[in-house]
Trainee: 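First the structure, which I've put down as structure tokens, then a few questions once you've had a look.
We name chains A, B, ... by the order of the sequence lines, and we start the count at 1 in each one.
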Amino acid sequence: MEKLLKLALEHAQHAEIYHLERKSTGVSFENSNLKDLESTVQCGYSLRLIKNGKMGFAYTKNLIDRKGLVDNALVSLKGGIDAPFNFPAPGQIKKVDTYNPGIEKIGSQALVDECIRLCSTISSRSKAQVNASAEYTISSLAILNSNGVNLSQKSSTCYIAPQLLYPGTHSSVYRMHLSKAFSSYPDSYLDHIICLYNDSQREATPGSGRMKVIFLPESVYTLMWRLKSASSGRSVFENESPLAKKIGQRIFSEKLTVWNDPLDDRGTGARSFDDEGTPCGRLDIVKDGTLNSFYYDLKYAGKSGSVPTGNGFKGGGMFGGGDPVVYKPSPDILHLRIGTGDLSLEQMISGVDRGIIVQSALGAHSGNIPNGDFSIGLAPGFYIENGKVTGHVKDAMIAGNIYDVLQNVSAIENDSHFAMTGRYPALLLDGVSVAARG
Amino acid sequence: MIDKLKKMLSGINADYADIRYEAKRDLSIVFNAHELTSLESNTTDGYVLRMIRKGGMSVISFTRESDAPEAIRIASENALLMSRSGLPVKLAETEVVQERFRPELLEDPRGISIEEKLNLTRGYNEIALGDKRIATTSIGYGEVIRGKFFANTEGTAIDEETVTTRISGSITAKEGNILQNVRVAIGGSNGFAVLRDSSGVFENKKRIALELLSAESVKAGVYNVVLNSSLAGVFTHEAFGHFSEADLLEDAPTMREKMQLGAHLGNEILNIKDDPTMPGQVGFYRYDDEGVRARPVQLMKNGVLTGRLHSRRTASSFGEPLTGHCVAEDYRYAPIVRMGTIFIEPGTDSLDTLLGKIGDGLYLLDAKGGQTSGDSFTFGAQYGYLVRNGKKDRMIRDINISGNLYQTLQNITAVGNDLNLSKAGGCGKGQTNIKSCHGAPHVIIRDVILGGV
């Protein structure tokens, strides 16, 4: 990497190298049978150059041809793309615990055994078809720049995710368990998914109208996606955020506090610096319902005269599925948290006379996201009657705008769980529009 | 390269093994509003190795040639673990082939300068920006060239290239607090020429984005609708097509039972096909990533299920013919069952006839994201019109529809005479398939749920 940096600086005033290595092994079970076992050993490098205020970017998988990589960055530099920033100098980097060496000893067999245990336990307690997947990943990240930043971080993640499927569908009840090394799927999660499944075997038809709706942690990202979009420094700069002039104004119910906490290393994936080497820290987005802050990477902080918040990440879109090496950093939030409330999920459900629980949202990525609109199918949802789950709901849609529905937060779960984009409690919202046949 | 792959294979002690090396070249150019925000030209590469030992199959992908011995060791161990714990895997027999294949291109994009690509994209972007109420655009040129080398222990050796180009993105209009956006895409797998002379597409989409500012929100409810090609194609792909992918059914006994060949699932006017061999389409390829020659598959005939899409593994497990539909995104992934070019075959009705048949309802156009989970699906439409007395009326927006596959297949009660296929793909099934192509004529679906806002 040092050699590459030196070579790059022969052609540019500033340079930055990002390097990621990732090893993972995953197993999947379908209908309680071991179906696939896949491993991957990937590495990659990306290079950013700044010359006379212009940016060049390129990436590669191997470092066999350093000159070829620099040449590609020089082609990119010719585009004349503005770089209204410089790479950061070394800053105060807090220590976070992201790696448990126990991960190296897991092996495929342990994942297979745990999935077999889950499939047989669940099958003995319910009639569901059981699918399960488990995977462990070890990754090493390094960032080196011409201003002296030389950072690295090693991380480990293991996930285990059993699913209980309804007959004739891929709709399922699920909850994912994450840890830094292997740890068994918790009994409390097993009870949660098995009870929800057993209580909801009947297919229910909720009818249309405005109802109480509980978003489980697994579907809360539908709402947070819209907030992420609107509070991104990029959306604000590009004139497509409805929150542009609303800092200090109340936008949600006072019960709702949303913040980003990359330093929270109780779970997996904590970060002490972002993909540009800017130190990470806690950032309050919404405090007691009031909009507090937008988030920035170097580029959009530079463009809008703001301070970078340590939110420059090489994301592969919403689900982070892509290879980070191939993306340029952009403003992103990866560690969202929502302040917990004072009721257990069971208590929240028992207070609902008629309503719907959203387990899995279908089509969270469609609709007018910048505007805050959502309109999702259920895969599945659960129907609540008189404080009890009485069935599952498939053919219905839940729709609204987050700036309306999040005014009416009537309860928040007293615990939170890792799910897509963050760690969330369940949210109970009043008067959400439900459309269904019949 | 083929020789190098054969040498790697020769050192493997397995009942079957295959290895794929790919070098992928990406060129991307992106404009956000008037600003060029990205210009990148990159080459990446890697290997994917699959192995069967004693009926256990494993896969590993790796980047560095020097990691090959370690990768072979891990894959061997994992294959044996699979043979102990999993159900035995068999691959359907396929022809052994040795071929070098290059698609026919109208203008190879490698022969076109970056400046020309930049200028063409900038020109279309400026058209999209041609009104002060357009708040922003994100319009980009994308070129992906996959050079694939495949060899297996049966003696097959294939060197095939796929060349996919597109200019696509979104256009956002804003007035007061109202933001509306539409998507736009042109492209194909048959050369750069397909991108030329398309100003009208961008002009039209800009106009729609502006008109949406004053369109009315559709009310939640149940409607009879006419879908245009784009939306009906997304339905075909999302709701029906994924159910035709044998790997999604293989270990789902209750669904497999419903989806038996010969089952009467759809309205009798419904005929659906997947054909990756149709030349000139974005979905075109010759061999899949298991070295199986792609072939057309009649999936539904007169409402009866007549075929499905297979890998060698699923064809063997279902006892059905191979189709050549096992495709990977790139050098990082094992191939999985994917659609090629899936479409509803055209019928006889004109659009006016279809609108007349629904009388009062909605005419919905252009897809805006879709998702499916088993037999449930949801997708968005970019815009639409109220239909009154069989005639197009006021414009509507905020349209998301949801439904159940089986019910909807029965509720497609009329099919138009105008087949159109999509120009750019982007199906996500763990991996992204940029060549995923779908299409349909206009169709009527009765009793569709709209979510409203």
Trainee: Would you call B:Asp247 and A:Lys35 a salt bridge, taking side-chain N to carboxylate O under 4.0 Å as the test?
Mentor: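 So B:Asp247 does not pair with A:Lys35 through a salt bridge.
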
Trainee: Is any side-chain heavy atom of A:Val112 less than 4.5 Å from a side-chain heavy atom of B:Leu81?
Mentor: yes

Trainee: Starting at CZ of B:Phe243, measure out to NE2 of A:His170 and round the result to the nearest 0.5 Å.
Mentor: 6.5 Å

Trainee: Which region of B:Arg256, side chain (C-beta onward) or backbone (N, CA, C, O), has a non-hydrogen atom less than 4.5 Å from a non-hydrogen atom of chain A, or is it both or neither?
Mentor: neither

Trainee: So which of A:Ser108, A:Ala244, A:Ala379 has the largest heavy-atom pair count under 4.5 angstrom toward chain B?
Mentor: A:Ser108

Trainee: Heavy-atom distance under 4.5 Å to chain B: side chain of A:Val325, backbone, both or neither?
Mentor: neither

Trainee: In the structure I gave you, are the side-chain heavy atoms of B:Asn181 and A:Asn368 within less than 4.5 Å of one another anywhere?
Mentor: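 Answer yes - side chains close enough.
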
Trainee: At a heavy-atom distance under 4.5 Å, which candidate from A:Leu37, A:Thr40, A:Asn72 has the highest pair count against chain B?
Mentor: A:Leu37

Trainee: Between B:Arg84 and A:Gln109, does the side-chain contact (heavy atoms from CB on, under 4.5 Å) criterion hold? Intermediate values first, please.
Mentor: CA-CA 11 Å; B:Arg84 288 195 300 273; A:Gln109 186 73 53; 3.5 Å; yes

Trainee: When you measure from the side chain of A:Lys328 to the backbone N and O of B:Thr37, does any donor-acceptor pair fall under 3.5 Å?
Mentor: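 Side chain of A:Lys328 to backbone of B:Thr37, a donor-acceptor pair under 3.5 Å: yes, one is there.
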
Trainee: Can you tell if the side chain of B:Leu450 reaches within under 4.5 Å of the side chain of A:Met397, non-hydrogen atoms only?
Mentor: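 No. Closest side-chain heavy atoms not under 4.5 Å.
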
Trainee: Looking at chain B, which one of A:Thr60, A:Thr25, A:Leu34 has the largest number of heavy-atom pairs inside 4.5 Å, strictly under?
Mentor: A:Leu34

Trainee: Just how far is it from atom CG of A:Asp82 to atom CG of B:Leu36, taken to the nearest 0.5 Å?
Mentor: 9.5 Å

Trainee: Would you mind reporting whether A:Asn62 and B:Thr63 have side-chain heavy atoms less than 4.5 Å apart?
Mentor: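 Yes, at least one pair of side-chain atoms sits under 4.5 Å.
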
Trainee: Do you know which of A:Gly79, A:Ala73, A:Ser360 has the most heavy-atom pairs under 4.5 Å to chain B?
Mentor: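 Maximum pair count with chain B is reached by A:Gly79.
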
Trainee: With a 4.5 Å cut-off on side-chain heavy atoms, are B:Glu35 and A:Glu238 touching?
Mentor: no

Trainee: Are B:Glu70 and A:Val41 close enough that some pair of their side-chain heavy atoms sits under 4.5 Å apart?
Mentor: no

Trainee: Closer than 4.0 angstrom, basic N to acidic O: yes or no for A:Glu21 and B:Arg64?
Mentor: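 So A:Glu21 pairs with B:Arg64 through a salt bridge.
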
Trainee: Does a side-chain heavy-atom distance below 4.5 Å link A:Ile81 with B:Leu39?
Mentor: yes

Trainee: Taking all heavy atoms of B:Ile114 and all of A:Val75, pick out the closest pair and write down the distance.
Mentor: CD1-CG1, 3.4 Å

Trainee: Once rounded to the nearest 0.5 Å, what's the spacing between atom NZ of A:Lys23 and atom CD1 of B:Ile60?
Mentor: 10.0 Å

Trainee: Looking at A:Ser39 and B:Ile74, what are the two nearest heavy atoms and their distance?
Mentor: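 What the structure gives for the nearest pair is OG-CG2, 3.8 Å.
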
Trainee: Measure the spacing between CG of B:Asn400 and CG of A:Asp373 and express it to the nearest 0.5 Å.
Mentor: 9.0 Å

Trainee: So which part of B:Asn177 gets closer than 4.5 Å to some heavy atom of chain A, the side chain, the backbone, both or neither?
Mentor: backbone

Trainee: Checking B:Ser28 against chain A: side chain, backbone, both or neither under 4.5 Å from a heavy atom?
Mentor: neither

Trainee: In sequence, state the C-alpha distance, the side-chain angles, and the governing distance for B:Asp375 and A:Tyr166, and then conclude on side-chain contact (heavy atoms from CB on, under 4.5 Å).
Mentor: CA-CA 11 Å; B:Asp375 57 346; A:Tyr166 296 98; over 6 Å; no

Trainee: Is the number of heavy atoms from other residues, nucleotides or ligands within 6.0 Å of NZ (A:Lys54) greater than 12?
Mentor: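 Yes, the 6.0 Å shell around NZ holds more than 12 heavy atoms from other groups.
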
Trainee: So what's closer than 4.5 Å to chain A heavy atoms on B:Lys174: side chain, backbone, both or neither?
Mentor: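 Just its side chain gets close to chain A.
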
Trainee: Could you look at B:Asp26 and say if it's the side chain, the backbone, both or neither that has a heavy atom under 4.5 Å from chain A?
Mentor: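 Contact with chain A is through the side chain of B:Asp26 alone.
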
Trainee: Do B:Met255 and A:Gln129 have side chains that get closer than 4.5 Å, going by heavy atoms?
Mentor: no

Trainee: Kindly give the heavy-atom pair with the smallest separation between A:Asp36 and B:Arg313, and that separation in Å.
Mentor: OD1-NH1, 3.2 Å

Trainee: Chain B heavy atoms under 4.5 Å from A:Leu77: which part of the residue, side chain, backbone, both or neither?
Mentor: neither

Trainee: Where do A:Asn33 and B:Asp251 come nearest, in terms of heavy atoms and distance?
Mentor: ND2-OD1, 4.2 Å

Trainee: Quick one: CD1 on A:Ile64 to CG on B:Asp45, what's the gap to the nearest 0.5 Å?
Mentor: 6.5 Å

Trainee: Which atom pair, heavy atoms only, marks the closest approach of B:Ala220 to A:Ala435?
Mentor: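 B:Ala220 and A:Ala435 have their closest heavy atoms at CB-CB, 4.0 Å.
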
Trainee: Is chain B contacted by the side chain of A:Lys78, its backbone, both, or neither, given a heavy-atom distance below 4.5 Å?
Mentor: neither

Trainee: How close do A:Leu362 and B:Ser376 get, heavy atom to heavy atom, and via which atoms?
Mentor: CD1-O, 3.5 Å

